[in-house]
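Structure first, commentary second.
As the structure is a computational prediction, the values presented were derived from the model and not from experiment.
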Amino acid sequence: MTHGVDKKIVTWAALTAAALLVSGCGGSAGAEPSAARPSAPATASAGDKGPAEGGAKAPDRAAEASAAYRKWGLKPFAAPPAPPKVKPVQRRAGGPVPVISEIPTKDRIVFITIDDGAEKDPEFVTMMEELKVPVTMFLTDSAIRTDYSYFARLGALGNGFANHTLTHPNLRTLGRAAQSREICGQQTKLEKEYGTKPRLFRPPFGNWNEDTRAAAGECGVDAIVLWRESMQIKNMQYQRADRKLHPGDIILAHFRGPAELKGTTMTRMTANMLRHIQEQGFTVARLEDYV
């Protein structure tokens, strides 16, 4: 009787081991190689309440983006196209600094630039963290010096630093040496505070002359950036008669708060601007990828 039982046990153990080997559920010797194991899905359905099979639930990026935009009364932007391999705006070696108001492109993209730096609304940083819309900040030292760290937080999100002079003068009223002090001085300040010397410059009020161009070049600027549209409180001001955005347009906004915006916050103004861009079928790209 004992030998019969032992034989049955041995037979059962052998069959079980074979089944485990075939199914891949045994020890390490029979396990599927890790490289061949299917990973968790990149996204999960909105109704998926539990973890993905074999691991933690993967975040639903599309759902997260939709929720973030919905918070600000917006819909998510389409992803911009990949940046061009060759930037369409470049300063030729030894040549004058180019002056631009738009980027030559057929893609339905626009570029957001924000000037000065007087308003330092923490909710705007939150908005940029959540929406991940790229902007370029043209900063004036007299406006930002009370809180350099505020703009460092925006820069840490991938937004660009650009030069808007030390004290915001009308450069046309200054000689070349004074213009150079304003431009080169701000280059030095921004590099000290943020670790990089700006390549882009915007003259206050959009006023410039050939002395401005020469001084900017001597200070290491690659382009003088003007604009095609400017954002007010609820609406845009257009330079063209058709009052429409065009591919490659550069949009001007400002770091302003309720005192300058008749009670409207900077985040509300920004949401209005983004809504205008969306309604005309455009998305936002990063200016530094094209200049």
Side-chain angles (χ1 to χ4, degrees), residues 42-43 61-66 68-70 72-92 95-115 124 127-138 154-164 196 198-202 206 221-232 234-254 269-291:
T43 60
R61 302 301 185 192
E64 289 177 358
S66 294
Y69 274 80
R70 190 163 53 249
W72 301 100
L74 299 164
K75 296 178 181 179
F77 278 101
K85 293 181 180 179
V86 178
K87 294 181 179 182
V89 178
Q90 298 186 43
R91 182 185 178 190
R92 298 192 307 273
V97 175
V99 181
I100 61 171
S101 300
E102 70 261 5
I103 300 296
T105 181
K106 294 181 179 179
D107 293 323
R108 292 188 71 79
I109 55 174
V110 294
F111 305 91
I112 296 175
T113 62
I114 310 179
D115 281 13
F124 180 71
M127 185 184 207
M128 293 294 98
E129 287 174 342
E130 293 177 349
L131 301 188
K132 299 176 174 56
V133 175
V135 302
T136 301
M137 303 176 289
F138 286 84
L154 289 168
L157 301 176
N159 299 306
F161 295 101
N163 187 331
H164 199 42
T196 182
R199 298 186 302 102
L200 307 180
F201 168 70
R202 172 171 287 155
V221 168
D222 289 335
I224 293 175
V225 180
L226 304 180
W227 61 90
R228 276 296 184 181
E229 292 81 25
S230 61
M231 185 62 199
Q232 304 305 305
K234 294 182 179 179
N235 299 306
M236 284 188 184
Q237 289 185 347
Y238 297 87
Q239 294 179 358
R240 299 184 185 92
D242 64 5
R243 297 181 55 80
K244 293 180 180 179
L245 293 171
H246 291 242
D249 277 1
I250 296 169
I251 300 171
L252 165 67
H254 291 85
M269 179 273 293
T270 303
N272 291 338
M273 174 173 58
L274 297 177
R275 196 171 294 111
H276 283 294
I277 293 169
Q278 288 183 331
E279 288 172 350
Q280 297 186 51
F282 287 83
T283 193
V284 183
R286 186 173 181 270
L287 182 60
E288 289 82 355
D289 290 335
Y290 289 76
V291 184

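The shortest side-chain heavy-atom distance between Val284 and Ile251 does not fall under the 4.5 Å cut-off. Looking only at side-chain heavy atoms (C-beta outward), Lys106 and Pro247 stay at 4.5 Å or farther from each other. Within the 4.5 Å cutoff, the side chain of Arg228 has no heavy atoms near those of the Ile250 side chain. Contact of the Glu229 side chain with the Arg240 side chain is registered, since non-hydrogen atoms from C-beta on lie closer than 4.5 Å. Residues Leu131 and Leu74 meet the side-chain proximity criterion, which asks for heavy atoms closer than 4.5 Å.
Distance CZ/Arg202 to CD1/Ile114: 10.5 Å, rounded to 0.5 Å. Within the model, atoms CD of Gln239 and NE2 of His246 stand 11.0 Å from one another, a figure rounded to the nearest 0.5 Å. Going from atom CZ of Phe138 over to atom NE2 of His254 covers 11.5 Å, rounded to the nearest 0.5 Å. Distance check, rounded to the nearest 0.5 Å: CD1 of Ile100 to CG of Leu200 gives 7.0 Å. The distance from the CD1 atom of Ile277 to the CE atom of Met231 is 9.0 Å, given to the nearest 0.5 Å. Considering CD1 of Ile112 and OG1 of Thr270, their distance stands at 8.0 Å, rounded to 0.5 Å.
Looking only at distances, a side-chain donor or acceptor of Asn159 sits under 3.5 Å from a matching main-chain atom of Leu154. The main-chain N or O of Lys234 is found under 3.5 Å from a side-chain atom of His276 such that the two form a donor-acceptor pair. Arg199 places no side-chain N or O within donor-acceptor distance of the main-chain N or O of Asp222, the cut-off being under 3.5 Å.
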Could you walk me through whether Phe111 and Val225 pass the side chain to side chain contact (heavy atoms under 4.5 Å, CB included) test, one step at a time? CA-CA 11 Å; Phe111 305 91; Val225 180; over 6 Å; no
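Partners of Gln280 according to the side-chain contact (heavy atoms from CB on, under 4.5 Å) rule, which considers only residues two or more places apart in sequence or in another chain, are Tyr238, Lys244, Leu245, Phe282.
In plain terms, the two heavy atoms of Ala285 and Tyr290 that are nearest each other are CB-CE1, 4.1 Å. Closest approach of Pro96 and Arg92 over heavy atoms only: CD-NH2, 4.4 Å. Between Ala68 and Trp72, the closest heavy-atom pair is O-CD1, 3.1 Å.
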Let me have the donor-acceptor pairs involving side chains of residues 77-88, under 3.5 Å, with sequence neighbours excluded, atom names and distances please.
unit_1: Lys87; atom_1: NZ; unit_2: Glu288; atom_2: O; d: 3.1
unit_1: Lys87; atom_1: NZ; unit_2: Val291; atom_2: O; d: 3.3

